[in-house]
2 protein chains.
Amino acid sequence: MEFKEAKNKFVQTWGALGSQWGINKTMAQIHALLMVSNEPVSMEDVMEELQISRGNASMNLRALMDWGIVYKEYKAGERREFFTAEKDLDELAVKIARERSKREIKPALKILKEVSSIEAKDSAEEKHFVDQTNKLYDFVLKADNMLDKMTEFKENWLGRLVLKIMK
Amino acid sequence: MEFKEAKNKFVQTWGALGSQWGINKTMAQIHALLMVSNEPVSMEDVMEELQISRGNASMNLRALMDWGIVYKEYKAGERREFFTAEKDLDELAVKIARERSKREIKPALKILKEVSSIEAKDSAEEKHFVDQTNKLYDFVLKADNMLDKMTEFKENWLGRLVLKIMK
DNA sequence: TTAAACTTTCAAAAATAAATGAAAGTTTGT
DNA sequence: ACAAACTTTCATTTATTTTTGAAAGTTTAA
């Protein structure tokens, strides 16, 4: 396999993986492209390499910057903007986790809290509902806290974590 | 808030969460419904409560069973089938993790291995590509192994993990 | 063996999500 | 202040995913 083919395969694969995890395909592809580029990439380059429109490129680059995993760079003497991806994988994982927690988990926790707080009256059905949603609340809260904890380890949290788990 | 409203809100929320995580909405809703039901639910009930067609209910129940998080139950003297969800949350998390690893992570790892194995020749661009995809391979492999390790703790792995992380 | 009771399948339709591209907006050098 | 160079927005189009429902398939009891 030669370089160009490998690069394309990587971008496609990462894109497919992204869409299975709730991130849109193009966004994941752009991120993949930036990750394996050794120097900043312009919007034109992104459009050209992925064969996408200007609007699409612009919107998804913006989204990636909102997630804090892609940065703008300015080259001396160049008018246009260039982009680079966060390449430190620990940092990347932490940022993604933090963002998804904020956008998805926190709101879900709020609802879980709400629905688990109804008065259970006396039917077994309602008791079971309250019990189960309470358990779910505790579980999700614990998982979310774990994500927060990750961010406290500044370096190589995953490697250390694996060691710990293996006892 | 009264029971019916709370139940509906929970089902909707869980469904929305599912679709953000690559699981289809109806599948997540059915699962939510079964999780908070204190007794087995028939396909008719599912159709009725979620207002979905027979085919949709059938396909998604099948998918949930393939994931190993919903079970068929037979009631004595009843012709039709009933369904229950895995209600143990540790068990549920482990099964979901295992399934996603098998379906998504393992295939991605294979590709990462492939593309990181090209001969890097001498350009900085190609060297960077090989270096970055190698790092990615190691990272994803480590994360995936962590998921595998979870399954070794039979009970309350999350709680124990959180304790450990907090040191 | 038959037929009633139930479940699954899958082509077509509907719903949803993503991409386009032209127009509007912004920034920068002169 | 102007206009060239570039970026963003968003109504419309396109692509993808999900749902439907009728037909085919299966199981069970008599």
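Predicted model only: the values in this text are computed from it and were never measured. So that the names make sense, note that chain A is the first sequence line, chain B the second, and so on, each numbered from 1.
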**Prompt:** Taking for each residue the nucleotide of DNA chain D with the nearest heavy atom, is it G55(B) or S19(A) whose nucleotide lies nearer the 5' end?
**Reply:** S19(A)
[X] [atom1] to [N] [atom2], straight-line distance once rounded to whole Å:
{"X": "I30(A)", "N": "dA19(C)", "atom1": "CD1", "atom2": "P", "value": "9 Å"}
{"X": "E81(A)", "N": "dT7(D)", "atom1": "CD", "atom2": "P", "value": "5 Å"}
{"X": "M47(A)", "N": "dC6(D)", "atom1": "CE", "atom2": "P", "value": "12 Å"}
{"X": "N60(A)", "N": "dG21(C)", "atom1": "CG", "atom2": "P", "value": "15 Å"}
{"X": "L50(A)", "N": "dA19(C)", "atom1": "CG", "atom2": "C1'", "value": "13 Å"}
{"X": "R80(B)", "N": "dA29(D)", "atom1": "CZ", "atom2": "P", "value": "15 Å"}
{"X": "M59(B)", "N": "dT19(D)", "atom1": "CE", "atom2": "C1'", "value": "8 Å"}
{"X": "R62(A)", "N": "dT26(C)", "atom1": "CZ", "atom2": "C1'", "value": "13 Å"}

From the list [options], which nucleotide is the closest neighbour of the side chain of [X]?
{"X": "R54(A)", "options": "dT7(D), dT19(D), dT20(C)", "result": "dT7(D)"}
{"X": "K72(A)", "options": "dT20(D), dT20(C), dT8(D)", "result": "dT8(D)"}
{"X": "I52(B)", "options": "dT18(D), dT20(D), dA18(C)", "result": "dT20(D)"}
{"X": "S53(B)", "options": "dT19(D), dT9(C), dT9(D)", "result": "dT19(D)"}

Around [X], counting heavy atoms of other residues, nucleotides and ligands shown, do more than 12 lie under 6.0 Å from its [atom1]?
{"X": "K106(B)", "atom1": "NZ", "answer": "yes"}
{"X": "E99(B)", "atom1": "CD", "answer": "yes"}
{"X": "K25(B)", "atom1": "NZ", "answer": "no"}

**Request:** Taking the side chain as every heavy atom from C-beta outward, state whether D138(A) and K135(A) have any pair of such atoms under 4.5 Å apart.
**Result:** no
**Message:** Looking at E44(A) and R80(A), is any side-chain nitrogen of the basic one under 4.0 Å from a carboxylate oxygen of the acidic one?
**Reply:** no
**Asked** Is the phosphate of dT18(D), meaning OP1 or OP2, less than 4.0 Å from a side-chain N or O of T26(B)?
**Response** no
**Item:** N/O (side chain, S58(A)) to phosphate O (OP1/OP2, dT9(D)) under 4.0 Å
**Value:** no
**Asked** How is N56(A) classified with respect to the nucleic acid when contacts are heavy atoms under 4.0 Å: base, sugar-phosphate, or nothing?
**Response** base
**Residue mapping more 5' on DNA chain C - nearest nucleotide basis, Y74(A) or Q51(A)** = Q51(A)
